[in-house]
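What follows is a single structure, written as structure tokens, with notes after it.
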Amino acid sequence: MSQTDITIFEKLESEVRSYIRSFPTVFTKAKGYKMWDEKGTEYIDFFSGAGALNYGHNDPMMKAKLVDYILSDGITHSLDMATAPKAEFLTTFNEVILKPRNLDYKIMFPGPTGTNTVESALKLARKVTGRTDIISFTNGFHGMTIGALSVTGNAFKRKGAGIPLQNVVTMPYDSFVNDNLDTLEYLERFLEDGGSGVDIPAAMILETVQGEGGINAASFEWLQRVEQICKRWGILLIVDDVQAGVGRTGTFFSFEKAGIKPDIVCMSKSIGGYGLPLAITLIRPDLDIWEPGEHNGTFRGNNHAFVTATAALSYWEDPSFEKNIEEKSEKIFNFLEGIVAKYPELQGEAKGRGYMVGIETKIDGLASSVAAEAFERGLIMETSGPKDEVFKLFPPLIIDDEGLDKGLKIIEDSVKAVLGAKELVIS
Ligand SMILES: *Cc1c(COP(=O)(O)O)cnc(C)c1O
């Protein structure tokens with residue numbers, strides 16, 4: 001096979017490209033938790049498409065259904081017309097996911113991206129309440145369009161808007177200031193005091209574990225209190241489960257163990273199952289006051305994604321799937337705590353929940369060096385946080401012990417190598 005000239009991307013693709021810079025090779029093939037490049041190098045994938053590939057690459061069961069569907073000339077594009085795969089997805093999602101969890105939501109299909117479900121949620125919250133403001137949280141990430149950016153914390157991304165981002169008040173996320181400051185006592189003071197300068201908002205939007213903002217996991221108690229505050233003040237609670245959802249934290253929805261019931265839930269990334277674009281907005285039924293077509297989009301009815309999304313839900317019919325995530329999560333977190341203890345020079349802290357974890361280091365640039373070293377050693381892993389201070393482990397949920405052990409060993413070897421090289425420079 002002839003090799004692709006990697007300078008093509010520099011010459012022809014916009015400067016905006018990003019992941020190619022961290023993983024500079026041409027990928028050709030992927031299966032489960034493995035990827036291969038043109039040179040035949042094998043990589044273990046601890047990135048999972050930033051959470052869009054929770055079931056790994058090219059799942060054979062989903063692939064077979066999709067190929068059959070395509071070969072039978074099933075409908076590909078249909079706006080939001082009725083199709084059989086859409087009916088099957090709606091029914092299966094209701095039966096396999098919502099009903100057993102005692103949840104009742106109407107299902108909306110916005111455009112097929114995460115930012116689009118967030119935009120639809122913000123619009124609907126404003127329409128339902130007649131209020132304009134939204135409360136967002138420090139280090140939240142919700143997407144790149146203007147509404148989603150306005151509730152996103154990252155200064156670099158916000159600046160990209162080029163216009164003032166308005167009608168949003170940012171409040172401190174759990175443990176943002178320090179572990180002693182009760183951020184919700186602070187938040188509630190602003191709501192109850194008419195002199196605070198903060199109006200009662202239409203909604204609060206949050207991630208239960210912040211994916212891009214540094215793998216910060218809110219405690220279940222904090223989440224329960226947010227829900228109570230929202231109820232007390234008639235504020236809608238929007239959980240952005242675009243990244244933390246679909247099993248990433250150990251349960252289908254990231255908020256299940258907190259026992260809360262958000263008014264609106266945003267999902268995308270892994271909801272399509274196979275890495276195909278799909279997004280849904282789950283809406284408490286009495287809030288579903290949209291006029292027909294009020295939030296539109298050409299690619300809402302992605303039938304190929306419906307086929308794989310429905311197939312993916314069969315994983316959730318078997319309780320051992322969740323149990324396995326829970327067991328392996330424990331192993332991963334123990335490993336991270338072990339690394340932190342064994343290498344104090346790292347000045348590290350293990351963070352996160354489930355398969356959404358990482359190590360934050362106080363040393364500038366170190367997390368990126370570890371990720372770069374890991375890539376050299378055959379592991380794909382990204383960084384997270386406002387200063388890229390966290391290296392982020394995102395293995396697919398289907399990874400076996402062998403793959404997990406191999407990946408964790410590469411991480412430890414990379415930490416050792418990077419710390420070793422640092423010592424040489426210092427001495
Ligand atoms: C990725 C992400 C988004 C945006 O999704 P896109 O498909 O990139 O628009 C929104 N919210 C969260 C929490 C995300 O991780």
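Indexing begins at 1, ligand by ligand and atom by atom, following the structure's order. None of these values were measured; they are calculated from a predicted model.
Contact atoms of ligand 1 toward Gln243: 14 (C), 15 (O) (distance under 4.0 Å to a heavy atom of the residue). Less than 4.0 angstrom separates some heavy atom of Glu207 from each of these atoms of ligand 1: 13 (C).
Residue, atom and distance of the protein heavy atom nearest to atom 2 (C) of ligand 1 are Lys269 NZ, 2.6 Å. Among protein heavy atoms, the minimum distance from atom 7 (O) of ligand 1 is reached at Gly114 N, 2.8 Å. Protein heavy atom closest to atom 9 (O) of ligand 1, with residue, atom name and distance, is Thr115 N, 2.8 Å. Counting protein heavy atoms only, atom 11 (N) of ligand 1 is closest to Asp240 OD2, 2.6 Å.
Side-chain contact, Ser368 with Asp388: no donor N or O sits under 3.5 Å from an acceptor N or O.
Within the structure, the closest approach of His142 to ligand 1 falls below 4.0 Å when heavy atoms are considered.
Centroid-to-centroid, the aromatic rings of Tyr43 and Trp36 stay 6.0 Å apart or farther.
Pairs of residues two or more places apart, or lying in two chains, that qualify as side-chain hydrogen bond (donor to acceptor under 3.5 Å, both in side chains) and include a residue from residues 403-413 are Lys331-Asp405, Lys342-Glu412, Tyr343-Glu412, Lys409-Asp413.
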Would you give me the side-chain donor-acceptor pairs under 3.5 Å for residues 122-130, sequence neighbours excluded?
residue, atom, partner, partner atom, Å
Lys123, NZ, His295, ND1, 3.0
Arg126, NE, Thr132, O, 2.6
Arg126, NH2, Thr132, O, 3.1
Arg126, NH2, Asn167, O, 3.3
Lys127, NZ, Glu294, OE1, 3.1
Lys127, NZ, Glu294, OE2, 3.2
Thr129, OG1, Ala125, O, 2.7
Thr129, OG1, Arg131, N, 3.2

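Between Ser78 and Thr83, the shortest heavy-atom contact is OG-CG2, 3.5 Å.
Judged purely by atom type and a 3.5 angstrom limit, Asn58 uses its side chain to pair as donor or acceptor with the backbone of Ala30.
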